[in-house]
Number of protein chains: 2
Amino acid sequence: MTSKNKVLDHASLTARNSTPVADGPEDSGFAIFSATQIGESNKRRVLQMLFDLGPTSRAELARLTGTKRTTITGIVQPLIEAGLLIEVDPNEKRGVGKPARPLWFSASAAPVCAVFLMPDKVETALISLTGGVSAHRQVPIAPGKRNRETYIDALVAGVDHALAQAPRQALGIGVAVGGMVDPADGSIVAMNLAPAMAGLGLRDLLEDRFALPTIVDHHPRALLLGERWFGAGRGMGNFAVIYADEVLGCAMYLDGKPFRGPHGSGGELGHTIVDLNGGTCTCGKRGCWETVATLGWLRDRAAEAGLPGAERLDSERLVDLSAQMPAAGALLSRYAHNIAIGIANLQTLLMPDNFIIYGDVRRGGEIMQQFLTREISGLAASLPGNPITVFLGQNEQTITLQGAAGLIVSKQLEIEY
Amino acid sequence: MTSKNKVLDHASLTARNSTPVADGPEDSGFAIFSATQIGESNKRRVLQMLFDLGPTSRAELARLTGTKRTTITGIVQPLIEAGLLIEVDPNEKRGVGKPARPLWFSASAAPVCAVFLMPDKVETALISLTGGVSAHRQVPIAPGKRNRETYIDALVAGVDHALAQAPRQALGIGVAVGGMVDPADGSIVAMNLAPAMAGLGLRDLLEDRFALPTIVDHHPRALLLGERWFGAGRGMGNFAVIYADEVLGCAMYLDGKPFRGPHGSGGELGHTIVDLNGGTCTCGKRGCWETVATLGWLRDRAAEAGLPGAERLDSERLVDLSAQMPAAGALLSRYAHNIAIGIANLQTLLMPDNFIIYGDVRRGGEIMQQFLTREISGLAASLPGNPITVFLGQNEQTITLQGAAGLIVSKQLEIEY
DNA sequence: TTAATTTGTGCGACTCACAAACATATTAAG
DNA sequence: CTTAATATGTTTGTGAGTCGCACAAATTAA
């Protein structure tokens with residue numbers, strides 16, 4: 001691969017994205033595009049299409065983009081020669097004419113190293129561009145050993161193990177953190193149950209150790225990008241991921257790209273106010289969504305209602321109980337309603353059509369999905385012809401790791417022009 | 001002006017934007033860019049910069065974009081020849097060297113026809129690209145005569161009057177409607193106090209009558225675009241307009257473009273739920289922001305508190321009263337708090353830094369601004385270095401008309417690639 | 001065996017940003 | 001008054017990229 005291929009090329013990301021380039025004129029927010037950037041941009045588009053569509057022939061790509069086949073050839077030929085794409089066998093014959101040669105990512109193309117950092121565990125894996133997970137390792141972190149050294153040792157060992165199995169140099173390291181992070185500098189702001197990690201400059205640490213471009217973001221955004229590049233979000237222009245558990249998280253895909261606020265943060269749906277006269281939240285405000293739609297709220301209400309095992313209740317057990325006890329059914333309904341309020345507010349404001357649910361709520365299964373769908377539909381104004389759909393997330397572990405890798409993929413494939 | 005200049009060229013907008021082009025391949029959402037489109041795109045960028053910066057020389061534009069002066073010359077020369085831009089005199093000398101020749105929009109360039117349609121009046125004007133308002137007409141519509149014919153007659157007469165004074169063929173007609181509209185087909189969904197207008201296909205009507213590209217949108221979006229192209233929003237990458245009066249409206253500028261939901265609507269901040277157990281809203285839900293932050297809510301509470309003239313109270317009088325009566329001060333505080341909640345929720349979720357306030361609340365002046373700023377700051381988490389700023393809107397009439405014109409400007413200058 | 005159809009690829013034309021040199025207009029220094 | 005220095009704007013060729021056209025290749029249908 002020559003250095004001209006800046007997309008999905010390791011060299012293009014080695015420069016720290018925090019340090020602004022000093023030689024060029026400072027970025028004033030305005031930009032003019034040159035013909036040289038067009039090729040780069042179009043390459044990203046074609047690769048995005050392949051992610052969205054799966055294996056696709058040059059002719060089909062040309063039809064969908066409105067260009068000529070010759071243009072597509074010009075774009076994909078260098079990528080094939082670089083080993084990123086390969087021609088695969090057509091799985092179905094389509095009548096007369098020369099059979100198409102679908103293009104797809106090579107299994108031996110450069111992979112991405114994925115890290116999932118939680119207070120109680122460190123997961124690492126290698127993710128191929130086809131979404132395949134390999135070299136997966138999970139290291140539990142005992143409550144008594146939650147100091148920085150333990151986490152960093154597990155991290156470094158896991159990444160080393162993954163990188164050793166990479167068929168080529170990895171494109172980078174994507175890290176999903178179960179806690180608050182500052183995406184701008186890749187540091188950990190706070191991690192519940194692991195206070196020692198607060199303030200750790202994780203990105204710089206990994207970049208210095210492995211000399212690979214590294215991106216650190218929080219768990220919901222990883223779920224979003226996992227769905228977008230490798231899951232149900234492929235081809236969806238607009239959707240949101242909701243993580244509802246002991247805390248509430250949210251990430252949005254709008255207008256064909258992940259929404260990041262003007263300053264990289266934003267999307268704090270859990271701390272929007274839904275109860276004017278509600279109780280005090282951990283953030284100091286009153287009536288945040290988090291005060292009425294978390295697992296903690298559910299368990300408190302269950303205790304008040306005298307439900308058995310209230311302190312260990314979760315959605316799965318609540319659904320089971322609801323079949324037997326009317327009080328549990330009523331609580332399930334309230335829980336779903338309260339969760340629906342935050343989602344409906346998001347829908348009313350930004351109009352995404354699809355919601356993918358993770359966290360405790362996902363454990364409620366189809367019953368919970370039905371409750372949620374009903375409540376959200378009652379609260380949000382869906383347009384005719386564009387019904388609101390609530391999906392339950394699939395495998396949270398896998399999607400998170402794929403999403404950590406998706407952080408790197410996004411960095412490379414998002415069209416910024 | 002040759003037909004090659006597609007930006008700010010009338011011909012480029014004559015095709016109805018509702019009817020998809022039939023000759024080309026259908027738009028699949030994917031696109032590939034050619035060198036010919038680059039020129040178009042860069043032309044838009046340069047014109048956006050001029051709007052944002054005011055009169056600017058070629059050399060300055062080149063510096064800000066990081067390109068060479070020769071590139072800027074290539075872009076602006078055709079625009080000067082077409083009469084869109086002119087060289088103006090430098091207002092200040094800047095030391096040694098050949099003096100710069102700032103470029104600015106010609107006062108005799110193609111203008112935009114602006115319409116502001118309210119239940120009680122029809123305003124029309126001609127807006128130049130420098131923001132100048134001319135041929136302004138305001139026709140009151142008496143309550144007894146609110147049928148379609150009255151409105152349409154006033155509209156047609158006003159547009160005729162404006163177009164007659166245009167130095168060149170107008171670029172289009174932008175319509176701001178005080179009511180609900182469907183931006184996709186430019187029809188009126190509902191207008192409070194003018195039920196006869198519901199369902200009127202206003203865009204098609206005007207396009208058929210005047211053979212000019214027409215865009216219809218609701219009042220808050222016009223305010224947004226008025227601020228963005230001609231007002232305080234110039235150069236702001238992220239801001240929101242809040243219209244707080246008898247109803248609540250909101251429009252957002254995010255990531256350098258106006259936010260429209262996936263289906264053209266969205267931004268219904270007034271109907272997000274902020275009071276879980278609140279009263280029933282006109283939309284059928286409970287506890288919408290509109291139930292606790294409108295002029296109606298204020299007057300009801302004022303009546304409960306026994307304030308004089310409660311049924312005609314507005315922010316201006318409330319501020320006056322608050323200097324004399326503690327009860328009025330308490331109500332002002334509550335009013336500001338409730339309005340702040342919706343704004344803070346928007347800020348928490350999407351992180352715009354700047355809010356421009358219109359409607360009744362604007363009449364509260366600096367006192368109201370201080371109350372609002374304090375309440376919002378208490379509820380929203382501003383980042384250090386990026387404080388949240390609340391502006392009072394300037395002249396609502398002028399900005400609305402400029403914003404109606406801004407609908408056409410946006411259509412032409414938004415970078416879609 | 002032949003025609004029709006579809007896929008993928010060369011080659012020249014065109015558009016555009018870019019690089020280098022040049023003409024122009026002003027200030028500062030002698 | 002003359003000359004150097006500096007900044008602006010234009011002219012001319014070059015390279016990158018897509019497009020239009022023609023052509024080879026592979027498959028099906030007659």
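In what follows, every chain begins at residue 1, and chains take the letters A, B, ... in the order their sequences are listed.
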- Query: Counting any heavy atom closer than 4.0 Å, what does A:Leu103 reach on the DNA or RNA strands: base, sugar-phosphate only, or nothing?
  - Reply: nothing
- When you match A:Ala100 and A:Val96 each to their closest nucleotide on DNA chain C, which lands nearer the 5' end? A:Val96
- Message: Between B:Phe33 and A:Phe33, is the ring centroid distance below 6.0 Å?
- Response: no
Provide a list of protein-nucleic acid N or O atom pairs under 3.5 angstrom, restricted to nucleotides 24-26 of chain D.
{"residue": "D:dA26", "atom": "N3", "partner": "A:Lys98", "partner atom": "N", "Å": "3.3"}

- Short side-chain N/O contact to D:dG17 OP1/OP2 from A:Asn42, under 4.0 Å: no
- Query: Counting side-chain heavy atoms from C-beta on, which of C:dG8, D:dT18, D:dG9 comes nearest to B:Ala59?
  - Reply: D:dG9
- Note on the structure: Closest of C:dA17, D:dT8, D:dC19 to the A:Thr71 side chain is D:dC19
- Look at atom CZ of B:Arg101 and say whether more than 12 heavy atoms of other residues, nucleotides or ligands are closer to it than 6.0 Å. no
- Task: Any chance you could list the contact pattern along nucleotides 10-15 of chain D? Use B for base contacts, S for sugar-phosphate-only contacts and - for none, protein heavy atoms under 4.0 Å, 5' to 3'.
- Result: BB----
- Taking atom C1' of D:dG17 as reference, at what distance in whole Å does atom CD of A:Glu40 sit? 13 Å
- Note on the structure: side chain to side chain contact (heavy atoms under 4.5 Å, CB included) filter on A:Ser134, not counting sequence neighbours, yields A:Leu126
- Message: Distance check, rounded to the nearest 0.5 Å: A:Asp52 atom CG versus B:Phe30 atom CZ?
- Response: 5.0 Å
- Item | From CZ (B:Arg45) to CG (B:Leu61), nearest 0.5 Å | 14.0 Å
